[in-house]
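Taking it in order: structure first as structure tokens, then the write-up.
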Amino acid sequence: MKWGHLCNMANIITGIRILCSIVLLFFPAFSPSFYTLYVVAGVSDMIDGTVARKTGTVSEFGSKLDTAADFVLVAVCLIKLIPVLDIPLWLFVWITIIALIKAINIISGYVMHKEFVAAHTIMNKLTGVLLFILPLTLTMVDLRYSGALVSAVATFAAIQEGYDLVVDTSTKSAAENDLLIANIFPITGSGKKN
């Protein structure tokens with residue numbers, strides 16, 4: 001791997017998301033510092049793909065780095081938020097089922113393609129946006145309603161992702177899929193970087 005793949009602007013932005021996510025572990029949930037780091041991490045997710053496309057640095061490595069950064073942010077948020085939220089049992093079970101479907105998709109993708117497949121679908125992007133907004137709305141919208149909405153979209157996205165893995169055995173790379181999404185939604189953060 002060339003050093004340039006690691007040091008382009010889009011990957012640096014993604015690295016900022018990973019760093020902010022890790023630092024979130026050291027601040028109380030819902031504190032001003034927590035929200036600041038959380039918003040910086042979320043904004044970095046929205047702009048890194050656009051920067052990659054504008055600078056011509058879209059790549060498989062960048063796509064995988066973006067997926068890893070998303071995973072770190074979600075994992076940290078779960079670690080910080082689950083203990084302080086009153087999550088209804090039905091919602092907790094639903095989230096667990098979604099996580100199992102996603103795990104099956106990751107394993108299936110690896111078995112079928114001999115590599116970890118990053119699925120940057122429109123529904124996964126929508127799920128990501130809704131997940132990002134969720135903690136910012138907890139003081140205004142009851143978690144039962146916002147959680148149900150996010151879970152419904154995430155369930156559809158996970159099932160679609162699994163279906164695409166089984167049915168679509170094309171050799172389209174994650175970067176090619178990102179460029180397709182970028183043509184449909186040119187302002188969003190899809191279409192990851194080098």
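All of these numbers come straight from a predicted model, not from anything done at the bench.
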Pair Val129-Met46, side-chain contact (heavy atoms from CB on, under 4.5 Å): steps then yes or no: CA-CA 9 Å; Val129 168; Met46 292 178 213; over 6 Å; no
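Proximity of a side-chain donor or acceptor of Ser63 to a complementary backbone N or O of Glu60 within less than 3.5 Å is not detected.
Separation of atoms CD1 (Ile18) and CZ (Phe71) is listed at 12.0 Å; rounding is to 0.5 Å. Atoms CG and OG, on Leu65 and Ser59 in that order, are 9.0 Å from each other to the nearest 0.5 Å. Atom CD1 of Ile87 is separated from atom CG of Leu143 by 6.0 Å, given to the nearest 0.5 angstrom. Within the model, atoms CG of Asp142 and CG of Asp86 stand 9.5 Å from one another, a figure rounded to the nearest 0.5 Å.
Under the side chain to side chain contact (heavy atoms under 4.5 Å, CB included) test applied with Phe132, the options Leu136, Leu130, Leu134 reduce to a single match, Leu136. With Cys77 as reference, Leu81 is the one residue of Val74, Ile79, Leu81 to meet the side chain to side chain contact (heavy atoms under 4.5 Å, CB included) rule. The only option from Leu37, Thr36, Val43 that meets the side chain to side chain contact (heavy atoms under 4.5 Å, CB included) definition with Val39 turns out to be Val43. Applying the side chain to side chain donor-acceptor pair (under 3.5 Å) test between Thr14 and each of Asp66, Asp48, Asn8 identifies Asp48 as the sole match.
Through direct or indirect side-chain contacts shorter than 4.5 Å among Ile, Leu, Val, Met, Phe, Trp and Tyr, Leu89 is connected to Val93, Ile97, Ile101, Ile159.
Among all heavy-atom pairs drawn from Tyr38 and Leu24, the shortest one is N-CD2, 4.0 Å. Ala148 and Leu91 get closest at one heavy-atom pair: N-CD1, 4.2 Å. For the residue pair Ala157 and Thr127, the shortest heavy atom distance occurs at CB-OG1, 3.6 Å.
Side-chain contact between Leu138 and Phe30 is present, with heavy atoms from C-beta onward closer than 4.5 Å. Here the side chains of Glu161 and Met123 are not in contact, with every heavy-atom distance at 4.5 Å or above.
With sequence neighbours left out, the ring-ring contact (aromatic ring centres under 6.0 Å, His included) criterion links Phe27 to no other residue. The side-chain hydrogen bond (donor to acceptor under 3.5 Å, both in side chains) test applied to Thr137 returns no partner, not counting sequence neighbours.
Residues Leu100 and Ile95 are members of separate hydrophobic clusters, defined by side-chain heavy-atom contacts under 4.5 angstrom among Ile, Leu, Val, Met, Phe, Trp and Tyr. The hydrophobic cluster containing Met140 does not contain Leu149, counting ILVMFWY residues as joined when their side-chain heavy atoms lie under 4.5 angstrom apart, directly or transitively. Under the 4.5 Å side-chain contact rule for hydrophobic residues, Val84 and Val23 share a cluster.
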